[in-house]
Undergrad: 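Please see the structure below; I have some questions.
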Amino acid sequence: MADTSTTDAVPLILMKIQESIAVLRSEMGQFRDSVETRFERVETLIRKQRRDSAGMLVMMRATAGDFDERVREVEERVAALEGKTS
């Protein structure tokens, strides 16, 4: 009798294991999709930040160049004034 109960239990256990595997596969598929979506969003943000950083760098260089030019003009004026007084 114990032999028939174990023989009947084995297919039930195997079916439950198959169901668990199927559920796990579907959950993993959903997880993979959500992770890929999040990675795409992060990559998009990184690309945008790189573009913004490059734009800021260009603006900073232009501003520094303009500042250097203005300082040079002031230095030339001061040098001209010092030349007149000497």
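For clarity, every value in this text was computed on a predicted model and none was experimentally measured.
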Undergrad: Do Ile21 and Ile13 land in one hydrophobic cluster if side-chain heavy atoms of ILVMFWY residues count as linked below 4.5 Å?
TA: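 Shared cluster, yes.
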Undergrad: Can you tell me how far the CZ atom of Arg50 sits from the CG atom of Leu57, to the nearest 0.5 Å?
TA: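 The distance works out to 14.5 Å.
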Undergrad: Under a 4.0 Å threshold between the charged nitrogen and the carboxylate oxygen, would Arg70 count as salt-bridged to Asp66?
TA: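 A salt bridge links Asp66 with Arg70.
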Undergrad: Report yes if the side chains of Arg72 and Asp68 come closer than 4.5 Å at any heavy-atom pair, otherwise no.
TA: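 SC-SC contact between Arg72 and Asp68 confirmed.
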Undergrad: Rounded to the nearest 0.5 Å, what separation is found between the CG atom of Leu81 and the CD atom of Glu76?
TA: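 Reported to 0.5 Å precision, the distance equals 12.0 Å.
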Undergrad: Can you hop from Phe39 to Phe31 via hydrophobic side chains spaced under 4.5 Å?
TA: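 In one cluster: yes.
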Undergrad: I need the Gln49 CD to Leu45 CG distance, nearest 0.5 Å.
TA: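 Separation between the atoms: 6.5 Å.
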Undergrad: What distance separates Arg32 CZ from Gln30 CD, expressed to the nearest 0.5 Å?
TA: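 If I round to the nearest 0.5 Å, the distance is 11.0 Å.
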Undergrad: Verify side-chain contact (heavy atoms from CB on, under 4.5 Å) between Thr37 and Arg41, making sure each step is shown before the conclusion.
TA: CA-CA 6 Å; Thr37 303; Arg41 220 176 317 143; 4.0 Å; yes
Undergrad: Testing Glu69, Glu73, Glu75 for side-chain contact (heavy atoms from CB on, under 4.5 Å) with Val71, which one passes?
TA: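 Considering Glu69, Glu73, Glu75, a side-chain contact (heavy atoms from CB on, under 4.5 Å) with Val71 is found only for Glu75.
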Undergrad: Taking salt bridge (Lys or Arg N to Asp or Glu O under 4.0 Å) as the definition, give me every residue that meets it alongside Arg77, ordered by chain and number, with sequence neighbours left out.
TA: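 Listed in chain order: nothing, the list is empty.
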